[in-house]
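Ligands are counted one by one from 1 in listed order, and the atoms in each one are counted from 1 as well.
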Amino acid sequence: MKPRVAVTSRTEMQSRGPYATVNRNYLDSVVRAGGLPWILPPTGDEDDAGLYLHNADGLLVTGGADVWPPHYGEDPRPEVTVCDPARDRWEMALVKEARRRGLPVFGVCRGLQIINVALGGTLYQDLPAQVGGPVGHSPDLPMDELWHRIHLEPGASLVRQVFGRDEAMVNSFHHQAVKDLAPGLRVTAKAGDGVVEAFEGTDGPWLAAVQFHPETLTARYPEFVGLFAGLVSAGR
Ligand code: MN
């Protein structure tokens, strides 16, 4: 049986009203990895997280707007303008419930950030303002274009398994990043400026997350399917 991967979605205002949407690249990438994707609502009663995950074999936390800074104890900086606090709360509840149930979790971009915050970490709200490092992280490029290198940390990890080398090229569409890593996580890849580009869980159910967007690369660069295959095989 194919592992069933629950995929988080977002609320998007369209001319006919609010739509629940997910970039189809996530679904296609799960299919390419041998999984069976299905879409969760963008918000929900946190008490229902267990009901939603009851039939899931894994959770994919997708990208989107900035995490609302009060969720990690900070006031929003002026550079932070688009948040969805209800989606944040819902996804943090889903992450915690998935962990309780022993389900594997994979996060992408905002998904990495929400996992870190859900487990007790904090974020840089705006890299140019707060870090100002020598690597650009938000080029004006199509999402299937590679942009900067990542340096893989020593030791076995999903990214090492997928890339099989010390460096890889990834895309980059983010202005926030991990500041304090949550307990129970370890960094598995960084950009040249030290920005966290991937982490994994150190104990408990399988958990991995990346700051780049592999879902938009799996068609052009099939090796990125391996990241989704990690989630799917953990869900078997
Ligand atoms: Mn980056």
Side-chain angles (χ1 to χ4, degrees), residues 8 10 23 25-26 29 60-67 69 72 77 79-83 88 91 105-119 121-154 157-182 185-201 207-228 230-231:
T8 66
R10 67 203 288 175
N23 185 316
N25 288 314
Y26 290 106
S29 294
L60 172 56
V61 190
T62 59
D66 290 346
V67 179
Y72 47 93
R77 291 180 57 93
E79 298 86 1
V80 174
T81 55
V82 182
C83 292
D88 296 341
E91 289 190 340
V105 176
F106 183 53
V108 170
C109 196
R110 169 197 150 83
L112 171 146
Q113 297 165 3
I114 204 82
I115 290 167
N116 187 47
V117 173
L119 301 181
T122 66
L123 303 177
Y124 289 114
Q125 295 187 35
D126 186 71
L127 285 173
Q130 293 180 281
V131 178
V135 177
H137 290 275
S138 54
D140 185 9
L141 273 180
M143 290 197 70
D144 64 348
E145 292 288 349
L146 302 175
W147 180 245
H148 67 61
R149 283 176 298 172
I150 57 171
H151 306 276
L152 277 54
E153 298 289 308
S157 67
L158 174 67
V159 283
R160 281 218 166 252
Q161 185 186 317
V162 167
F163 298 116
R165 49 190 191 270
D166 292 339
E167 283 185 5
M169 289 292 293
V170 299
N171 56 8
S172 189
F173 299 94
H174 61 110
H175 79 117
Q176 300 199 320
V178 168
K179 185 161 66 179
D180 301 305
L181 195 66
L185 301 177
R186 71 184 170 99
V187 174
T188 55
K190 288 179 182 171
D193 55 1
V195 164
V196 173
E197 291 281 344
F199 64 57
E200 293 188 13
L207 181 147
V210 296
Q211 184 58 71
F212 49 95
H213 279 278
E215 80 283 2
T216 66
L217 298 168
T218 54
R220 186 169 169 188
Y221 301 101
E223 78 178 337
F224 287 91
V225 175
L227 296 170
F228 296 92
L231 172 65

Could you grab the distance from atom CG of Leu185 to atom CD1 of Ile115, nearest 0.5 Å is fine? 8.5 Å
Please report the interatomic distance CG(Leu146) to OH(Tyr221), rounded to the nearest 0.5 Å. 4.0 Å
Distance below 2.8 Å from the Mn ion (ligand 1): protein N/O/S atoms: His137 ND1, His148 NE2, Ser172 OG, His174 NE2, Glu197 OE2
Over 60° means perpendicular and under 30° means parallel, so classify the ring planes of Phe212 and Phe163, tilted if in between. tilted
Which pairs count as salt bridge (charged side-chain N to carboxylate O under 4.0 Å, His left out) when at least one residue sits in residues 207-217, sequence neighbours excluded? none
Does His137 have its ring centroid less than 6.0 Å away from the ring centroid of His148? yes
Do Cys83 and Pro69 come close enough that some side-chain heavy atom pair is under 4.5 Å? yes
